[in-house]
Protein chains: 2
Amino acid sequence: MRSYGQHCGLAKTLDVIGDRWSLLIVRELLLRDGCRYTDLLHGLPGISTNLLVDRLRDLERAGVVARDEAPPPVATTLYRLTARGKELRPAVLALGRWGAPLLAKGSDDEAFRSHWMALPVEIVFADHAPKGTPMAIELRTGDEPVVIEAADGAIHTRPGTAEDPDGVLTGPPRLVMAVLAGKLTWEDARARAGVRGRPRGAGPPPPPLRCARGLGGRGDRLV
Amino acid sequence: MRSYGQHCGLAKTLDVIGDRWSLLIVRELLLRDGCRYTDLLHGLPGISTNLLVDRLRDLERAGVVARDEAPPPVATTLYRLTARGKELRPAVLALGRWGAPLLAKGSDDEAFRSHWMALPVEIVFADHAPKGTPMAIELRTGDEPVVIEAADGAIHTRPGTAEDPDGVLTGPPRLVMAVLAGKLTWEDARARAGVRGRPRGAGPPPPPLRCARGLGGRGDRLV
DNA sequence: CGGCATCCACAGTGATACTG
DNA sequence: CAGTATCACTGTGGATGCCG
């Protein structure tokens with residue numbers, strides 16, 4: 001992208017990550033560090049192969065992304081964020097939070113990937129993350145099952161299933177998102193017949209899901 | 001801009017403000033709400049007139065910007081941010097903070113506008129703003145003098161001069177920025193002969209300028 | 001002068017096909 | 001799997017013109 005040529009922090013940032021797709025590539029690497037080229041392609045529905053290469057090169061030159069020639073067992077190149085790249089997390093979260101209310105109006109033919117769920121979860125739990133008690137929630141809602149694990153205030157996501165999850169959420173992405181964002185109680189969601197939650201112990205839903213302040217912050221309903 | 005078509009908060013945000021120049025327009029309106037078209041043109045060196053109109057229309061449709069047909073004394077249309085638009089502030093600040101280290105490498109032929117200074121100032125003082133005691137710093141460093149006023153944790157900027165400022169900073173933008181960012185002490189700056197500070201009472205420099213943590217966060221020098 | 005609209009050369013983008 | 005190549009298309013930047 002052409003530089004703005006302005007002596008301003010925001011303009012400088014946009015010089016680096018203001019290109020189309022750039023920040024979404026950063027999103028992918030924030031969610032799943034150490035991605036293969038194909039993983040990125042899959043996580044960025046709509047991008048074309050040449051653009052992905054171009055952007056990765058640009059971000060590499062800018063010191064945001066690094067490529068590791070993988071050791072024998074993997075035998076492929078892995079893309080990851082540099083330390084500098086990881087510093088984009090607060091900005092990405094802030095932008096993501098701003099866009100949360102817009103998710104309500106999204107049409108149903110939009111692309112969706114399960115692991116994107118980790119972003120709103122991290123946003124919602126940003127200030128009151130479950131400190132001591134580790135927690136695992138399994139989501140079966142998109143292209144693949146993912147597990148969101150919280151421990152010591154940090155949130156991780158990995159593809160796959162959990163051994164003994166504190167809850168399992170099944171249903172269309174929109175509804176699952178609403179539950180996680182605190183816009184919908186576990187029971188409401190179940191009443192709408194789209195969401196099947198299985199809180200551990202068959203008791204009340206896991207507390208963090210209910211006390212979450214929610215994404216929109218003004219009571220917007222996501223569904 | 002073409003929509004990404006992804007059911008993701010970040011992607012939705014970029015659908016709205018991901019266009020080239022869009023976020024810089026938001027910056028301008030965050031810094032000086034109620035701008036005339038010409039003010040925006042001046043605050044966005046490099047933008048072309050047609051693009052500014054296009055973007056303003058887009059942002060208006062998106063509910064980020066509103067236009068007020070001005071009352072008689074002004075007799076022109078004023079652009080301002082909607083409440084929704086103002087919610088972009090945390091994201092803009094986060095992005096601006098990320099770009100702060102990049103300001104060091106900026107060439108000298110970059111465009112600069114004095115009122116942009118309010119952004120780094122707000123970032124630096126974000127967490128430990130001077131609460132009780134109001135403060136005013138006058139900057140004479142760019143195209144026009146500006147006064148940065150802090151009171152009750154809020155930071156305002158206005159063009160013009162202050163009656164009895166707590167300090168006056170004169171010099172090239174780079175150095176003034178460094179002082180405000182806490183990268184350079186008042187004395188160091190003065191020693192480099194570019195900055196002339198006049199703390200009130202001829203005593204030590206105003207405390208907030210020295211205790212500021214700084215923009216870069218890792219001791220990067222801005223000059 | 002403020003607030004646009006029009007026109008044009010060009011760089012960036014997106015879809016597809018192809019390759020080691 | 002990880003790109004490269006090609007090409008039609010769209011968005012951008014710059015200039016300039018119009019109009020109250």
Side-chain angles (χ1 to χ4, degrees), chain A residues 1-6 11 14-25 28-29 32 34-62 65-80 109-111, chain B residues 1-6 11 14-25 28-29 32 34-62 65-80 109-111:
Chain A
M1 172 185 280
R2 244 183 99 132
S3 165
Y4 286 106
Q6 298 185 0
L14 294 177
D15 281 345
V16 175
I17 50 87
D19 266 321
R20 188 161 164 79
W21 292 107
S22 291
L23 211 51
L24 293 186
I25 294 177
E28 285 304 302
L29 293 174
R32 324 196 302 186
C35 269
R36 292 173 305 171
Y37 182 84
T38 321
D39 297 330
L40 290 173
L41 218 46
H42 175 259
L44 297 164
I47 199 175
S48 55
T49 58
N50 49 1
L51 261 196
L52 180 52
V53 177
D54 283 357
R55 291 295 176 270
L56 284 172
R57 296 261 188 281
D58 291 345
L59 291 172
E60 198 183 342
R61 264 199 306 268
V65 162
R67 21 187 310 163
D68 292 341
E69 294 302 330
V74 194
T76 183
T77 73
L78 291 182
Y79 294 91
R80 60 176 178 83
D109 57 351
E110 288 175 342
Chain B
M1 171 185 279
R2 247 185 96 134
S3 166
Y4 286 107
Q6 298 185 359
L14 294 178
D15 280 346
V16 175
I17 49 86
D19 265 321
R20 188 161 163 80
W21 291 108
S22 292
L23 211 52
L24 293 186
I25 293 178
E28 285 303 302
L29 292 174
R32 324 198 299 188
C35 268
R36 294 172 304 171
Y37 182 83
T38 321
D39 296 332
L40 290 173
L41 264 186
H42 174 258
L44 297 164
I47 200 176
S48 54
T49 59
N50 50 1
L51 262 195
L52 179 53
V53 177
D54 284 356
R55 291 295 176 269
L56 285 172
R57 295 256 189 283
D58 293 344
L59 291 173
E60 197 183 344
R61 265 199 306 268
V65 163
R67 14 184 318 159
D68 293 340
E69 293 301 330
V74 193
T76 182
T77 72
L78 291 183
Y79 295 92
R80 61 176 178 82
D109 57 350
E110 288 176 343

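Helix bend of the helix from C:dC1-D:dG20 to C:dG20-D:dC1: the angle between its two end axes, each built from five pairs, comes to 30° after rounding to 10°.
Minimum atom distance to the side chain of B:Arg36 is reached by C:dG2, of the listed C:dG2, C:dG14, C:dC4.
Between B:Arg57 and C:dC4 there is a side-chain polar atom (N or O) within less than 4.0 angstrom of OP1 or OP2. In this model, the phosphate group of C:dT13 is approached by a side-chain N or O of A:Arg55 to a distance below 4.0 Å at OP1 or OP2. In terms of phosphate contacts, A:Trp21 brings no side-chain nitrogen or oxygen within less than 4.0 Å of OP1 or OP2 of C:dG12. In this model, the phosphate group of C:dA11 is not approached by any side-chain N or O of A:Arg20 to a distance below 4.0 Å at OP1 or OP2.
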Which pairs, protein N/O on one side and nucleotides 18-20 of chain C N/O on the other, fall under 3.5 Å?
none

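Contact of the A:Leu29 side chain with the A:Leu59 side chain is not registered, since no non-hydrogen atoms from C-beta on lie closer than 4.5 Å.
Taking 4.0 Å as the cutoff to heavy atoms of chain A, we find the contact window on DNA chain D bounded by D:dC1 to D:dG14.
Summarising the geometry, atom CG belonging to A:Leu40 is positioned 13.0 Å from atom OG1 belonging to A:Thr49; distances are rounded to the nearest 0.5 Å. A:Thr76 contributes atom OG1, which lies 8.0 Å from atom CD of A:Glu69 (distance to the nearest 0.5 angstrom). Considering CG of B:Asp54 and OG of B:Ser48, their distance stands at 8.5 Å, rounded to 0.5 Å.
Ring geometry for B:Tyr37 against B:Tyr79 counts as tilted: the plane angle lies between 30° and 60°, on a 0 to 90° scale.
For A:Arg32, the side chain to side chain donor-acceptor pair (under 3.5 Å) partners at least two apart in sequence or on another chain are A:Glu144. In this view, B:Asp19 satisfies the side chain to side chain donor-acceptor pair (under 3.5 Å) rule with no residue, not counting sequence neighbours.
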side-chain contact (heavy atoms from CB on, under 4.5 Å) assessment of A:Arg20 paired with B:Tyr4: CA-CA 10 Å; A:Arg20 188 161 164 79; B:Tyr4 286 107; 3.3 Å; yes
side-chain contact (heavy atoms from CB on, under 4.5 Å) between B:Leu78 and B:Arg67, worked out: CA-CA 6 Å; B:Leu78 291 183; B:Arg67 14 184 318 159; over 6 Å; no
Evaluation steps, side-chain contact (heavy atoms from CB on, under 4.5 Å), between A:Ile47 and A:Leu24: CA-CA 10 Å; A:Ile47 199 175; A:Leu24 293 186; over 6 Å; no
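For the pair B:Tyr37 OH and C:dG2 P, the interatomic distance rounds to 11 Å; values are reported in whole Å.
Using a 4.0 Å cut-off between charged side-chain N and carboxylate O, B:Arg61 and B:Asp58 make a salt bridge.
Within residues 42-54 of chain B, the residues having any heavy atom closer than 4.0 Å to DNA chain C are, in order of number, B:Thr49, B:Asn50, B:Val53.
A distance-only check finds no donor-acceptor pair linking the side chain of B:Gln6 to the backbone of A:Leu44 [under 3.5 Å].
Two residues, A:Thr38 and A:Tyr4, neighbour DNA chain D, and the one matched to the more 5' nucleotide by heavy-atom proximity is A:Thr38. For the pair A:Tyr79 and B:Arg2, nearest-nucleotide mapping onto DNA chain D gives the more 5' position to A:Tyr79.
The two residues B:Ser22 and B:Arg55 come nearest to each other via the heavy atoms OG-CD, 3.3 Å.
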